[in-house]
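Here is the structure we will look at.
Chain letters run A, B, ... following the sequence lines, proteins first and then strands; every chain starts at 1.
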2 protein chains.
Amino acid sequence: MSYTVGKVAEFAGVTVRTLHHYDEIGLLSPSDRSRTGYRRYDDADLLRLQQIMYYRELGFSLDEIATILDDPHADAQAHLRRQHELLSERITKLQKMVYAIEFAMEAEKVGIQLTPQERFEVFGDFDPDKHAEEAKERWGDTEAYRESMRRAGRYTKEDWQRIKDEMTQWGERVVALMDSGAPADGPDAMQLAEEHRQHISQWYYECTYEIHTGLADMYLADERFEAFYESIKTGLARYLHDAIHANAIMRA
Amino acid sequence: MSYTVGKVAEFAGVTVRTLHHYDEIGLLSPSDRSRTGYRRYDDADLLRLQQIMYYRELGFSLDEIATILDDPHADAQAHLRRQHELLSERITKLQKMVYAIEFAMEAEKVGIQLTPQERFEVFGDFDPDKHAEEAKERWGDTEAYRESMRRAGRYTKEDWQRIKDEMTQWGERVVALMDSGAPADGPDAMQLAEEHRQHISQWYYECTYEIHTGLADMYLADERFEAFYESIKTGLARYLHDAIHANAIMRA
DNA sequence: CTCCAACCTCACGTTACGGGAGAGTCAAGC
DNA sequence: GCTTGACTCTCCCGTAACGTGAGGTTGGAG
């Protein structure tokens with residue numbers, strides 16, 4: 001079975017020009033041509049293209065990919081194994097970025113100032129990246145964008161005042177509850193934790209139980225957050241942490 | 001507090017040239033200059049740079065980033081929320097790719113032929129990507145690379161024969177165990193599951209319990225794998241699945 | 001036999017910088 | 001106060017990985 005450029009381009013999700021380019025630079029030359037000069041790709045070519053796309057996704061230049069793929073010591077399995085490893089690392093890195101974002105969101109909410117170094121910590125050791133179509137189409141005037149903008153992003157000053165007030169009140173209630181000696185995993189504390197989660201979901205972003213416990217961990221693990229909550233009341237950071245966890249476990 | 005290009009470049013992990021470029025195209029112009037013409041970046045500039053880098057990581061062009069960041073309707077929180085969402089989607093996509101790789105590795109091992117469409121399914125809707133330094137440095141002659149190459153990638157024909165034999169033997173023992181009526185979550189089945197995992201770890205790639213259960217799920221969920229194992233013996237796919245899961249639960 | 005879609009080969013344009021030239025600037029040490 | 005090495009400035013040309021036609025050929029459905 002052999003395929004034309006158009007077909008290959010179609011199910012590989014690249015343009016015909018890209019395939020022409022790969023042919024030009026010798027990265028992927030179709031193993032055959034029709035007598036009229038049409039490119040004909042066979043299954044082996046497709047396998048190579050697949051490898052190319054994975055490595056490209058992982059940020060290698062076409063030159064590097066050529067060297068990698070033409071290494072006689074590495075077979076298909078070795079490539080897959082390698083790609084698996086690199087992908088996993090990349091996911092870990094992106095997860096760190098997600099954490100950093102959650103941190104920044106929370107920091108901004110309570111007004112903690114980040115130093116420039118802190119802002120860029122997560123960018124420690126990588127370079128640009130592309131996402132293209134999907135992201136492009138999403139931004140602009142898609143439904144998802146309007147939805148997210150509808151939910152937040154343009155509150156009035158009064159809204160912000162209300163949000164702050166709500167939060168302040170909530171804080172007072174937590175402190176009062178702590179003073180009353182109620183346990184952090186009791187029903188009242190859990191109720192307050194749930195309110196906190198819903199407050200975030202309503203005004204900021206959808207806060208799942210997972211994200212919420214992530215925040216709770218942050219309150220304890222990060223000295224800036226800990227200092228912030230401890231300055232309100234001694235033991236508050238841990239109390240919040242425990243209440244949020246108890247709540248998440250019960251409801252999830 | 002204000003910073004020079006060099007400082008900013010340093011803790012943002014970009015080159016000075018990049019910052020010059022962003023200034024040229026008006027994406028990020030330092031809010032001040034010294035009387036001798038030196039660029040001076042303040043905290044607001046850094047915040048903007050941080051946003052730029054996140055969006056860049058997410059694959060937006062500099063043009064698009066400019067439009068996005070200059071949207072008066074979106075504040076810092078809105079950007080963070082949006083970035084969080086996009087990052088999560090991206091992670092999901094990469095996880096799908098990891099799954100696809102695991103699938104391809106397993107398929108190649110047992111000799112299942114993939115159609116071109118199947119090969120590219122995961123590339124459905126995105127474009128190039130870069131990873132740069134980290135990946136570049138890793139490839140070539142780093143310790144990690146040599147390590148992985150040492151472990152696999154250049155077996156002799158005899159090695160391959162041994163691997164195949166080992167696998168065949170193992171398969172026969174599983175079938176025999178099934179015939180004997182032993183339960184899939186019994187100690188013998190679990191032992192065979194563990195051997196399977198170690199076989200993969202030894203010859204192919206490090207197969208964690210998590211990956212192993214992923215494979216088990218694949219045996220049931222994917223009709224090609226199911227057909228493959230069912231053709232050996234009816235009920236084998238599920239038997240393997242259950243044994244691997246039982247083993248993973250016990251040992252983990 | 002006729003189309004139109006798909007293919008071909010140039011060939012110039014674009015994005016996001018890299019890298020160097022040539023010249024001015026800053027701060028630490030003598 | 002002077003040197004000197006690291007840092008900065010503004011051109012400006014180079015590169016990678018394609019995008020985007022221009023102008024011409026082919027192939028298969030009707």
Side-chain angles (χ1 to χ4, degrees), chain A residues 2-30 32-41 45 49 52-69 123 126-133 135-136, chain B residues 2-30 32-41 45 49 52-69 123 126-133 135-136:
Chain A
S2 84
Y3 314 85
T4 65
V5 255
K7 285 292 163 195
V8 174
E10 187 185 331
F11 53 62
V14 301
T15 66
V16 170
R17 180 66 179 91
T18 300
L19 294 175
H20 283 176
H21 183 61
Y22 291 172
D23 191 1
E24 274 174 40
I25 63 172
L27 175 59
L28 176 68
S29 300
D32 197 19
R33 292 265 191 155
S34 74
R35 55 242 100 77
T36 54
Y38 278 33
R39 274 163 255 254
R40 312 252 63 191
Y41 295 84
D45 296 332
L49 178 55
I52 291 172
M53 293 190 62
Y54 271 105
Y55 280 117
R56 201 183 57 169
E57 164 69 19
L58 286 163
F60 292 91
S61 74
L62 299 187
D63 248 32
E64 290 167 331
I65 296 178
T67 335
I68 293 171
L69 290 184
F123 287 105
F126 68 70
D127 255 14
D129 230 73
K130 303 217 166 164
H131 202 202
E133 292 319 309
K136 283 183 196 171
Chain B
S2 84
Y3 314 86
T4 66
V5 256
K7 286 291 164 197
V8 174
E10 186 184 332
F11 52 64
V14 299
T15 65
V16 170
R17 180 68 181 87
T18 300
L19 294 176
H20 283 176
H21 183 61
Y22 291 171
D23 191 2
E24 273 174 41
I25 63 172
L27 176 59
L28 177 67
S29 299
D32 196 20
R33 292 266 190 154
S34 74
R35 56 243 101 74
T36 54
Y38 278 32
R39 275 162 256 254
R40 312 252 63 188
Y41 295 84
D45 296 331
L49 178 56
I52 290 172
M53 293 190 62
Y54 270 106
Y55 279 118
R56 201 183 59 165
E57 164 71 19
L58 286 164
F60 292 91
S61 75
L62 299 187
D63 248 33
E64 290 167 330
I65 296 178
T67 335
I68 291 170
L69 290 184
F123 288 105
F126 67 70
D127 254 15
D129 231 74
K130 303 218 165 161
H131 203 202
E133 292 319 310
K136 282 183 198 170

Note to self: At 4.0 Å (heavy atoms only), tell me whether Arg40(A) reaches a base, stays on the sugar-phosphate, or touches nothing.
What the structure shows: nothing

Next item on the list: Can you sort out which residues in residues 18-27 of chain B have a heavy atom within less than 4.0 Å of DNA chain D? Ascending by number, please.
Entry: His20(B)

Margin query: Which residues pass the side-chain hydrogen bond (donor to acceptor under 3.5 Å, both in side chains) test with Thr18(A), not counting sequence neighbours?
Written below: Thr15(A)

Next item on the list: Starting at atom CD1 of Ile52(B), determine the distance to atom P of dA16(C), rounded to an integer number of angstrom.
Entry: 12 Å

Distances under 3.5 Å only, N/O to N/O: pair up the protein atoms with those of nucleotides 26-30 of chain D.
from	atom 1	to	atom 2	distance (Å)
dT26(D)	O4'	Tyr38(A)	OH	3.1
dG27(D)	OP1	Thr36(A)	OG1	2.9

Item checked: Qualifying residue, where the test is side chain to side chain contact (heavy atoms under 4.5 Å, CB included) with Asp45(A) and the options are Asp32(A), Leu28(A), Val8(A) -> Leu28(A)

Note to self: Could you walk me through whether Leu69(B) and Tyr55(B) satisfy the side-chain contact (heavy atoms from CB on, under 4.5 Å) test, starting with their C-alpha distance in whole Å, then the side-chain angles of each, then the deciding distance to 0.1 Å, before giving a yes or no?
What the structure shows: CA-CA 10 Å; Leu69(B) 290 184; Tyr55(B) 279 118; 3.9 Å; yes

Next item on the list: Whole angstrom is fine here: how far is it from CZ in Arg33(B) over to P in dG24(C)?
Entry: 17 Å

Margin query: In this structure, how many angstroms lie between the P atom of dC18(D) and the CG atom of Asp63(A), rounded?
Written below: 12 Å

May I have the list of side-chain donor-acceptor pairs in residues 19-27 of chain A shorter than 3.5 Å, sequence neighbours left out?
from	atom 1	to	atom 2	distance (Å)
His20(A)	NE2	Arg39(A)	NH2	3.4
Tyr22(A)	OH	Arg56(A)	NH1	3.1
Asp23(A)	OD1	Ser29(A)	OG	3.1
Asp23(A)	OD2	Arg33(A)	NH2	3.1
Asp23(A)	OD2	Arg39(A)	NH1	2.5

Note to self: The side chain of Leu62(A) is closest to which nucleotide in this list: dC7(C), dC18(D), dA16(C)?
What the structure shows: dC18(D)

Next item on the list: Calculate the interatomic distance between Asp32(B) atom CG and dC9(D) atom P; express it in whole Å.
Entry: 13 Å

Next item on the list: Rounded to the nearest angstrom, tell me the gap between atom CZ in Arg17(B) and atom P in dC12(D).
Entry: 13 Å

Next item on the list: Check Arg40(B) against Ser34(B) and note the closest heavy-atom contact, atom names and distance.
Entry: CG-N, 3.7 Å

Check: Is Arg39(B) side chain donor-acceptor paired with the dT8(D) base, going by distance under 3.5 Å alone?
Finding: no

Checklist line | Nearest heavy atoms of Ala12(A) and Met53(A), plus distance in Å | finding: O-CE, 3.2 Å

Next item on the list: Write down the distance between OH (Tyr3(A)) and P (dA6(C)), rounded to a whole number of angstrom.
Entry: 18 Å

